[in-house]
Each structure stands twice: as C-alpha cells, then as structure tokens.
There are 2 protein chains.
Amino acid sequence: MKNLSLKQLRYFEVLARTGHFGQAAEICAVTQPALSVQIKALEASAGAALFERTTREVRLTGFGVEFAERVREILRSVDELSDLARKAQEGLSGRLRLGVIPTIAPYLLPRFLTRLNGAFPDLDVQVRESITPRLIAELGEGGLDLALVALPVSERSLEEYPVFEEPMVLVRPEAEADAPVPDVTTLHMRRLLLLEEGHCFRDQALAFCNIPGGGPRDGLEGTSLSTLVQMVGAGMGITLIPEMAVPVETRSAPVSVARFRGPQPMRQVGMVWRKTSPLAERFRAIADLLAPDTSEPSVDAQ
Amino acid sequence: MKNLSLKQLRYFEVLARTGHFGQAAEICAVTQPALSVQIKALEASAGAALFERTTREVRLTGFGVEFAERVREILRSVDELSDLARKAQEGLSGRLRLGVIPTIAPYLLPRFLTRLNGAFPDLDVQVRESITPRLIAELGEGGLDLALVALPVSERSLEEYPVFEEPMVLVRPEAEADAPVPDVTTLHMRRLLLLEEGHCFRDQALAFCNIPGGGPRDGLEGTSLSTLVQMVGAGMGITLIPEMAVPVETRSAPVSVARFRGPQPMRQVGMVWRKTSPLAERFRAIADLLAPDTSEPSVDAQ
DNA sequence: TGGATTGATAAATCTTTCTTATGAAAAATC
DNA sequence: GATTTTTCATAAGAAAGATTTATCAATCCA
C-alpha cells in the first residue's frame, strides 16, 4: 500500500460512481489511459482487484465496495480540510489564545470580546488572565498567541503594538472631593495604596511618583483595583487607577476621582506577539478592535 | 487546495510531531530540502502558515493545530485502508453474496457455512435461496458473487466448477420397502411426485425417467422435497430426492429409500461465477470446502 | 462477419519531486 | 564580541512519476 496518492483515490471514486472509464476520465479531466493506469496502480498497491471489467460494464468487486466506502469517507475529510483552509484565508478562524493583565481584563474585555466575536465569528477565543511576566513567558513558550498588556514590555522576541494611551487618575476618600488635587510628586507623603508586586501597574505608579520600587509595602497593598478603591473608601489612604476602571470601580464606594493637573501619568495599552508569528497581520486587525469608543465618558480634570 | 497530496500530509504530520525539519526529514527518509519544499507547498495551497519557524524551534500555528488534528484523522483512515487491503490479500474478506438452490441449501449449507466461517472468519456471507434461473440472472446483474447449483447451467458468461456427483434415490411408501426396486424406465407408470416447475431437480428427474417435461402435473407436485417425502409417506405416490436430503427428510415419514440398480441417476453439484470475476481463484478455494465428508452415511443399493 | 464501443498497453513528453550544493539568520561558544 | 554551530530556505540538475497520443484486443450488435 505504498505510494498511495489522493489522486488515485479521486479517480477511483469517480470510476466507482460512473462505472465507465471514459466518462470517469472526462470528469477527472484526464485521458482514459491515464485513469486506467492509476486504477491499475491502485489495485496493485491494494493487492486485490477493485473492479470487475467487461466491455459492457465496470463494476466494483465485493472488496471494492468496502474499499469505496472508506475512500469516500477519506475524500470527505480531505474536502473538509480544504474548507477549513479556505475559511482561514478570509476570516480569521481557529483557536486564539489571548492573555490579558488583571488591570485591563475586567474593563476592556466585555466590549472587546463582543467586537471580536462580531468581526471573526469563527474564532475560538481562549482568555487567560495573568501578570505581564507570566504572559510574556507563555508567549515565548507558545502557550499564548497574543497578549493584551501595558507597553513597553521590552522583550526582544516580541512585537509591540500600541493601541491607545490612558491616564491614571487619583482616587481619594469622598470627603476630600473638594480639596485641591495634589501634585503627583507629593503623593509619597500620603498613604499610597498599590497592587501587590508583579503588577506592572504598581511599578508604573511608583515610577510616576518617584518612589523607589522593590520591597513590599505592608498594609498598603491590595490584590485588585477593586480592593484598592474599597480601601480608599474606608479611609485607609489614596490610590491611582487607570481611567478605564473608573466607571466600574468607583460606583459602589464613597470615593472621589480626579485627574492630575499638568503632565498626566499615562500608561500605554497595546498588544504583543511573537515577532515570528505568521499571523502578525491578523493580530494587528484584532488589536485595532481595542480602539476606545469616542463616546466613552471620561473623567474631567479638576 | 489543489494538488494536495498524501505525501505532503505525511510530511506535515511528522514535522508537527518532531518540530524539527531535519529530524522529520530523516523519519520520512528524504532530505531536509525535500521536506521544506513540500511543507511550503502545503502552506501555499492551504493559504496560511501552518508553522512558525525559528532557528530554535518549529511550532504549529493555531491554524496548524486545527489542521493537524484533521490531518491525523485522515492519515488514520488511510492506514486503515491499507489494513483492509492487506487483510484482503491473505484471507478472503469483505462481503460474499452466495446464491443456493432450494434442493441443496437445507442439506449442505449448515456444514458448508461452518467450514467457510472457519476458513475465512472475516468473510461476511450473505445467502440467498432461489431457483437456478433466478440465481443466474442475479449473477449476471452483479447481485450475487457466487452460486451453488446443479451443473451444467450452460451460461456463456459463467464459469462452472463441479465439486461432486450425487445420486438421486427412490423414495417409496414404507409398505413397499421389501418390493424390488423398479427400473427407472418404468417410473412413468407410477404416480411420480415432483417439485414445481422451475426447479432444476424436477427437470433432471423427468429427463432421467424419459418423461417429457413441460406442463404442470396436477396433484403430483410439491413445493419442497420435504413436502414430497411427506406425500409419499401418505401413500400419494413415489418420488426421487438427492441423496444428501435422505438423513434430513426421511426421518419423520413412513417411507423407504432405495438406490436404483444399474446406471444411477446422478446430479452434478458445483459452483458458478462470472468468468470476469477477479476472485475466481478464491471462489475455487471456497468451492473446495464443499467436498463431501467421506464419513458421510450413504444409502446402499438394494 | 464487420463496424462500433470500450478498456489495456506502449512510447514519448511533460510535470513533479528529490538530491546535492549553498546561503542566511539566529543562537551558542569561546 | 567575534566565531562556530545549528537550522531552515533556496537553486539547479537529476530522477521518478504522470499524462498524452497512438494502437491493440475483446466484446457486443447488427
């Protein structure tokens, strides 16, 4: 059964259907001898006759009948493979493993996934939420295709694709709502609540406030932005959160939100993927779906 | 997706498994460029990249993963096809549609089918019982592969394969058991009970007794040998039956069985199949399984 | 029996696939 | 940081395989 070819199976299937070498050859767009030779080769490699030939008619042998059933099944599978390929050419399809950092996921994913599903209905999106270093590692190992993070990640093997910039805003207890917005450089004077180590948002905030990073800050850490805001509401201090988190997180806590005056602390939101990925173009199209809604309510500077 | 070949799918599967062009090429017993070219051709016809290449590693894309699953399924089916072929080469396999005439079926089939199943366990035997003309027609139309009949059938397109000869024996009421066995030529003087028209055994009996065939013989016909013997037991006349029917049919009726003296009326039992059938050799092997048991009890001439 | 139909076979041509030789990029090593 | 190694891609000639044209042999039909 060596040197079996799909072409032979195709010829065989048509001949089994038509029962006529001439007609089958025409359907296959080859000459009759070409088909005869291939059928003969197929029978040789199968080790048994598939057809019983008369000048009058060409009929499947008992073995041929059984053979034909399986061949049809194989050809069907192969055609499905072609369908799959054709589909993949136009719309994106298949599995997409997407990593997202925790300070983006809850606020951007709902809208993003809706859009993604609208644009690529055949895409099977699998989301994993983790901190940037883990996502980068998984990208490198091939466990992820794409990650939605804050840029830059500065990883040589990864391509960075910025999508939009976003300000960090100040969250204070509601009682301080009318107090003047402090300068960012003075924040280290206050009890500044931040996320635990590993979150890039923590590092960005520290950098912005000119506070050296490193060790833990006992009593000043929360496991999520939501927790931080609740802590602020309880009067434990102040914090920074990304603007996109404002509508969701500040709704149920007695806090006041304000933009800083002067130079805004910003973070760059974007996507990263392996430079070698052949799907880079598709990934850019996907990333563009992240572009913020212009109708989105934003926090005014006070 | 044109010009897709099984070879490409095989190469692809190995490369997907090894993740290394060099190793994959070695497994496929070709050089690395050959494999590279085929993979590239496969990707071109699929219209999308299947692998993500680094000097470090070769990894399936998301699309490639989906593609690989289906390819593996296809290759599995193809291998099964090979198994089927290999099996068919040695033992006979597949479906065998066998026709048998009613004056043979009940007596020979039990033992024959047992032997057949022993010799070719993978053979799916489908038996149809009918009179010779119908069997011949079905053979011609491809509805049957093989028929077990009385020879000759004298059909140009069929090959006849005699297996054994068998005498016809006389069945009389038990009361006549001690009477001398009449000469066959005198049988037309008696009420000779025979099968209905169409049965070859009827014609053979008539020919042997020098009685012209043709029209129906009211009141002298039975639908089966079993019926005929019961009729004889009821004193309605005498009949002829093939020797193989004796043990089964004469057990429960008050009849006496006797061989004729002098030249025995005989029938030739054998098989027929289309001369064009590529399975002729197999059919001969099958027919040989019909050879009578030498330990078989036979009816002594009186 | 002679023409028509149908499948098999043979030789030449064309296409595809393979091998050998070589190049280029990234990683590992010194 | 230059060099060696590893690994995949590419190119050209060689080998293998498939296709076409031409022809034959067998069967059917009139």
Side-chain angles (χ1 to χ4, degrees), chain A residues 1-12 14-45 49-61 64 140-141 155-159 274-278, chain B residues 2-12 14-45 49-61 64 140-142 155-159 274-278:
Chain A
M1 209 68 198
K2 270 172 66 178
N3 291 346
L4 179 67
S5 76
L6 278 183
K7 199 178 284 189
Q8 289 174 346
L9 297 188
R10 284 243 147 78
Y11 288 180
F12 166 76
V14 175
L15 181 56
R17 208 149 33 79
T18 60
H20 191 289
F21 278 77
Q23 290 173 26
E26 194 174 358
I27 293 175
C28 296
V30 293
T31 56
Q32 170 263 315
L35 192 126
S36 279
V37 168
Q38 290 305 319
I39 294 295
K40 197 182 172 190
L42 181 61
E43 287 181 318
S45 74
L50 295 166
F51 293 99
E52 199 176 319
R53 297 132 159 101
T54 322
T55 356
R56 193 102 303 267
E57 55 187 336
V58 176
R59 193 168 28 216
L60 282 171
T61 61
E141 291 160 12
E155 183 74 20
R156 268 173 37 71
S157 63
L158 300 183
E159 180 170 341
R274 288 184 297 280
K275 277 180 179 163
T276 54
S277 173
Chain B
K2 268 173 70 175
N3 292 346
L4 179 68
S5 74
L6 278 183
K7 200 179 284 191
Q8 288 174 348
L9 297 187
R10 284 241 148 80
Y11 289 0
F12 166 76
V14 176
L15 181 56
R17 207 148 34 78
T18 60
H20 191 289
F21 278 75
Q23 289 173 27
E26 193 173 1
I27 293 175
C28 295
V30 292
T31 56
Q32 169 263 316
L35 192 126
S36 280
V37 167
Q38 289 305 319
I39 294 296
K40 196 181 174 190
L42 181 61
E43 287 181 318
S45 75
L50 295 166
F51 294 99
E52 199 176 317
R53 297 134 160 97
T54 321
T55 4
R56 192 102 303 268
E57 56 188 335
V58 175
R59 191 168 31 216
L60 283 171
T61 62
E141 291 160 12
E155 184 73 21
R156 268 173 35 73
S157 63
L158 300 183
E159 180 170 341
R274 289 184 296 280
K275 277 180 179 162
T276 54
S277 173

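Just so it is clear: chains get the letters A, B, ... in the order the sequence lines come, proteins before strands, and each one is counted from 1.
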Checklist entry - What nucleotide among dA8(C), dT21(D), dT19(C) has an atom nearest to a side-chain atom of A34(B)? => result dT19(C)
Item to check | Whole angstrom value for the distance that separates P of dG17(D) from CG of L4(A) | outcome: 14 Å
Next on the checklist: Nearest whole Å is fine: how far is dA24(C) P from R53(B) CZ?
Outcome noted: 19 Å
Checklist outcome for this item: Assign each of R156(A) and L35(B) the nucleotide of DNA chain C bearing its closest heavy atom; nearer the 5' end lies the nucleotide of L35(B)
Item to check | Nucleotide nearest P33(B) (side chain, heavy atoms from C-beta), chosen from dG17(D), dT10(D), dT9(C) | outcome: dT10(D)
Next on the checklist: If the cut-off is 4.0 Å, is K7(A) near the phosphate of dG17(D), judged by side-chain N/O to OP1 or OP2?
Outcome noted: no
Checklist entry - Rounding to a whole Å, what distance do you find between L6(A):CG and dT16(C):C1'? => result 15 Å
Checklist entry - Given L42(A) and Y11(A), is the side chain to side chain contact (heavy atoms under 4.5 Å, CB included) satisfied, shown in steps? => result CA-CA 10 Å; L42(A) 181 61; Y11(A) 288 180; over 6 Å; no
Checklist entry - Does dC8(D) have OP1 or OP2 sitting under 4.0 Å from an N or O in the side chain of H20(B)? => result yes
Next on the checklist: Side chains of R274(A) and L158(A), heavy atoms from C-beta outward: is any pair under 4.5 Å?
Outcome noted: yes
Item to check | Short side-chain N/O contact from S36(A) to OP1 or OP2 of dA8(C), under 4.0 Å | outcome: yes
Next on the checklist: Could you tell me if the side chain of V14(A) sits less than 4.5 Å from the side chain of L35(A), heavy atoms only?
Outcome noted: no
Checklist entry - What's the CZ-P distance between F21(B) and dA25(C), to the nearest Å? => result 17 Å
Checklist entry - Counting heavy atoms not belonging to E155(B), are there more than 12 under 6.0 Å from its CD? => result yes
Checklist entry - Hey, is the side chain of Q32(A) pairing donor to acceptor with the base of dA8(C) inside 3.5 Å? => result yes
Item to check | Step-by-step salt bridge (Lys or Arg N to Asp or Glu O under 4.0 Å) determination, E43(A) to R53(A) | outcome: CA-CA 13 Å; E43(A) 287 181 318; R53(A) 297 132 159 101; 3.0 Å; yes
Checklist entry - For N3(A) and dA15(D), what is the distance between atoms CG and C1' respectively, to the nearest whole Å? => result 14 Å
Item to check | Listed nucleotide nearest any side-chain atom of Q38(A), set dT6(C), dT20(C), dT19(D) | outcome: dT19(D)
Checklist entry - Rounded to whole angstroms, how far apart are CD1 on I39(A) and P on dT9(C)? => result 14 Å
Checklist entry - Which whole-number value in Å describes the distance from Q23(B) CD to dT6(D) P? => result 13 Å
Item to check | Separation of atom CZ in R59(B) from atom C1' in dA26(C), rounded to whole Å | outcome: 15 Å
Item to check | K40(A) side-chain proximity, nearest of dT9(C), dC8(D), dT10(D) | outcome: dT9(C)
Checklist entry - When we call it a touch if two heavy atoms are under 4.0 Å apart, what does Y11(A) touch: a base, just sugar-phosphate, or nothing? => result sugar-phosphate
Item to check | Closest-nucleotide ordering on DNA chain D, the 5'-leading residue of G19(B) and S5(A) | outcome: G19(B)
